[in-house]
There are 2 protein chains.
Amino acid sequence: MPEKTEKPGTAKPGAETTTATEDRPRRRQARGERRIAQLLDAAATVFSTTGYTAASTNAIAREAGVSPGTLYQFFPNKEAIAIELGSRLMHEMRQSYDEALTPIDPGATPIEDVIAGTVDRFIEFNCRHPAFFALMHGPDIPGRIAEEHDALHRTLTARVEALLAPFTPGTPAPTLARTAQMCVGIYKAGLELVLAHEGAEREAYVQELKVTLLRYLSPLVGDVVK
Amino acid sequence: MPEKTEKPGTAKPGAETTTATEDRPRRRQARGERRIAQLLDAAATVFSTTGYTAASTNAIAREAGVSPGTLYQFFPNKEAIAIELGSRLMHEMRQSYDEALTPIDPGATPIEDVIAGTVDRFIEFNCRHPAFFALMHGPDIPGRIAEEHDALHRTLTARVEALLAPFTPGTPAPTLARTAQMCVGIYKAGLELVLAHEGAEREAYVQELKVTLLRYLSPLVGDVVK
DNA sequence: GGCAGACACGAGAGATCGCTCGCATTTCTG
DNA sequence: CAGAAATGCGAGCGATCTCTCGTGTCTGCC
């Protein structure tokens, strides 16, 4: 297939795969760090409104108030911008959900509270960073970001599995895996509905999402639907 | 915003908004109809593998085994191809789900069977036409297709509402609307999981989707989770 | 047979986009 | 202060994409 996404430029200079970290001869100044943050903010805005492929690097630079050349002083290519942005968001999210999921080891907390707490955390994060959803959901993103997305998805389902395991003593592993996948899928569907609404209606959908997860998982905990 | 998706060509000749139907001076021959079907098939393949924006009209023409010029003999632009394809798929789907949903008027059939029947129909359709999902789910599609998508989504949720109404006597309208939205969302999430797997695993996810919907809706019918 | 028009081709016009390059300016270091 | 390096600019290269146009072939109708 000779018409796929080839490197459009004339030549790849050094083929360095490190995103934007210091290799060796790169001593970033404070101004540079500020520009990077500025550019990533702009990229988040543009990505979340137009998607990855439709977003042009010129548009990102303009949104950040700098020239295209300046943008390429800090990022080797367009993909690296998305990678770095995704990586930073993922890092922040990991912090957020580590807080939310680690102290559930004892079986003391009822599953309602586990669901409610987790959902609240994730919803809040995604509302604050709409670019995250756009980046992790676009079917148009090239290889590298898709890999990060897969990695995130795997760790996410693994965490859900671990969270569910103490509640389900006798379930075989493949069934548990499917249950976790389904939970993540339900969460994504709910998130889409939540993001599509505002104010009280949004709250109502958050509640509906919690109810959905609770009802889906209630047989595992031997509960009865109210 | 001067850098948005402008018409790339030199000038829009007549600004005719009719997709590909006969206006007046267009007497299609049998060969032409065959070419159109051929091109739409090719477009379905390309769209479902690369998405809408990444799909090039040249690639569609090549997939169909014709020249780019021939493609533009039958479609005024790239968007029209997607519009026509989406419209044909939507028509076929409407037939399929009219069959599935109309004879449920009596409250005699239990909700399990309603869910199972509907899910089976939709899943079967979407497995047969993977382009439909790609077209209706891409965040990159331009205005017109998004409108069609919204229209489909509205009629779909309306049908689900109508389907749910006899089972829920005392529910207020906004709540019912949210429930229908959630059902469609759950279905979409399940569909994604189903399409991502093969064979027995796929069947297992179909079953899981049915179970999810049943558990979500079970309170409405006064049932108890098994 | 002959003509009108549908069908087919493929080079390329026009436009956008990712990215580069030469050069100017600012900041850091000694 | 002087040199080096980081930062900043913006015109523009090369690639690609959508869509057009001139030209030629095929089909249906008298």
Side-chain angles (χ1 to χ4, degrees), chain A residues 1-15 20 22-36 38-39 43 46 50-62 64-82 140 142, chain B residues 1-16 20 22-39 43 46 50-62 64-82 140 142:
Chain A
M1 232 186 283
E3 198 149 335
K4 269 324 257 310
T5 30
E6 279 294 328
K7 278 284 176 286
T10 46
K12 31 195 115 168
E22 70 275 47
D23 273 350
R24 209 83 49 74
R26 204 59 182 180
R27 285 179 28 215
R28 205 117 269 165
Q29 300 182 355
R31 187 173 31 145
E33 296 288 351
R34 248 179 291 130
R35 276 273 177 268
I36 290 181
Q38 208 173 122
L39 284 163
V46 177
T50 67
Y52 175 76
T53 33
S56 81
T57 55
N58 287 4
I60 294 173
R62 197 177 331 113
V66 302
S67 83
T70 300
L71 186 151
Y72 282 93
Q73 198 102 55
F74 301 102
F75 298 98
N77 51 49
K78 179 179 170 181
E79 190 177 345
I81 305 173
D140 50 351
Chain B
M1 232 185 285
E3 196 146 336
K4 269 324 261 308
T5 31
E6 280 294 330
K7 279 283 175 289
T10 47
K12 31 197 112 167
E16 36 225 339
E22 70 275 45
D23 275 347
R24 208 82 50 73
R26 204 59 184 181
R27 284 179 29 214
R28 204 116 268 165
Q29 299 181 354
R31 189 172 32 147
E33 296 289 351
R34 247 179 291 131
R35 275 273 178 268
I36 289 181
Q38 208 172 121
L39 284 163
V46 177
T50 67
Y52 174 77
T53 34
S56 80
T57 54
N58 284 5
I60 295 173
R62 198 176 333 111
V66 302
S67 84
T70 300
L71 187 152
Y72 282 93
Q73 200 105 55
F74 301 102
F75 298 99
N77 51 48
K78 179 179 169 182
E79 191 178 345
I81 305 173
D140 50 352

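Within every chain, numbering begins at 1; the chains are lettered A, B, ... in the order of the sequence lines, protein sequences first and strands thereafter. Basis for what follows: all heavy atoms, side chains included, without hydrogens, waters or symmetry-related copies.
Nucleotide D:dG28 holds its P atom 6 Å from the CD atom of B:Q29, rounded to whole Å. In this structure, the CD1 atom of A:I36 is 8 Å from the P atom of D:dT7, given to the nearest Å. Regarding A:Q73, its CD atom lies at a distance of 11 Å from the C1' atom of D:dA5, rounded to whole Å. Atom CZ of B:R62 is separated from atom C1' of D:dT16 by 12 Å (rounded to the nearest Å). When rounded to the nearest whole Å, the span between CD of A:Q38 and P of D:dT7 equals 13 Å. The distance from atom CG of A:L39 to atom P of D:dC9 is 10 Å, rounded to the nearest whole Å. Rounded to whole angstrom, the span from the CG atom of A:N58 across to the C1' atom of D:dG10 amounts to 10 Å. Between B:Y72 atom OH and C:dG12 atom P the separation is 18 Å, expressed in whole Å.
When the side-chain nitrogen and oxygen atoms of A:R27 are compared with OP1 and OP2 of C:dT29, one or more of them lie within a distance under 4.0 Å. Checking the phosphate oxygens (OP1, OP2) of D:dA6, no side-chain nitrogen or oxygen of A:R28 falls inside 4.0 Å. Distances shorter than 4.0 Å separate some side-chain N or O of A:T70 from OP1 or OP2 on D:dC9.
The nucleotide whose nearest atom lies closest to any side-chain atom of A:R31 is, among D:dC19, C:dG10, D:dA6, D:dA6. Counting only heavy atoms from C-beta on, B:T57 has its side chain closest to D:dT18 among C:dA8, D:dT18, D:dT7. For B:F74, whose side chain is taken as the heavy atoms from C-beta onward, the closest listed nucleotide among D:dG8, C:dC7, C:dC9 is C:dC7.
Shown here for A:A82 and A:Y52, the closest heavy-atom pair between the two residues is CB-CE1, 3.5 Å. In this structure, B:I81 and B:A43 approach most closely via the heavy-atom pair CG2-CB, 3.6 Å.
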Check the pair B:R28 / B:I36 against side chain to side chain contact (heavy atoms under 4.5 Å, CB included), numbers first and verdict last. CA-CA 10 Å; B:R28 204 116 268 165; B:I36 289 181; 3.8 Å; yes
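Residue B:G69 is in base contact, counting any heavy-atom pair closer than 4.0 Å across all strands shown. Across all strands, A:A54 comes closer than 4.0 Å to no nucleic acid atom at all (heavy-atom distances).
Between A:S67 and B:A30, the residue whose closest nucleotide on DNA chain D is further toward the 5' end is A:S67.
For the pair A:T70 (side chain) and A:V66 (backbone), a donor-acceptor distance under 3.5 Å is absent.
With a 6.0 Å cutoff to the six-membered ring centre and a 45° limit on the axis angle, A:K78 does not count as a cation-pi contact of A:Y72.
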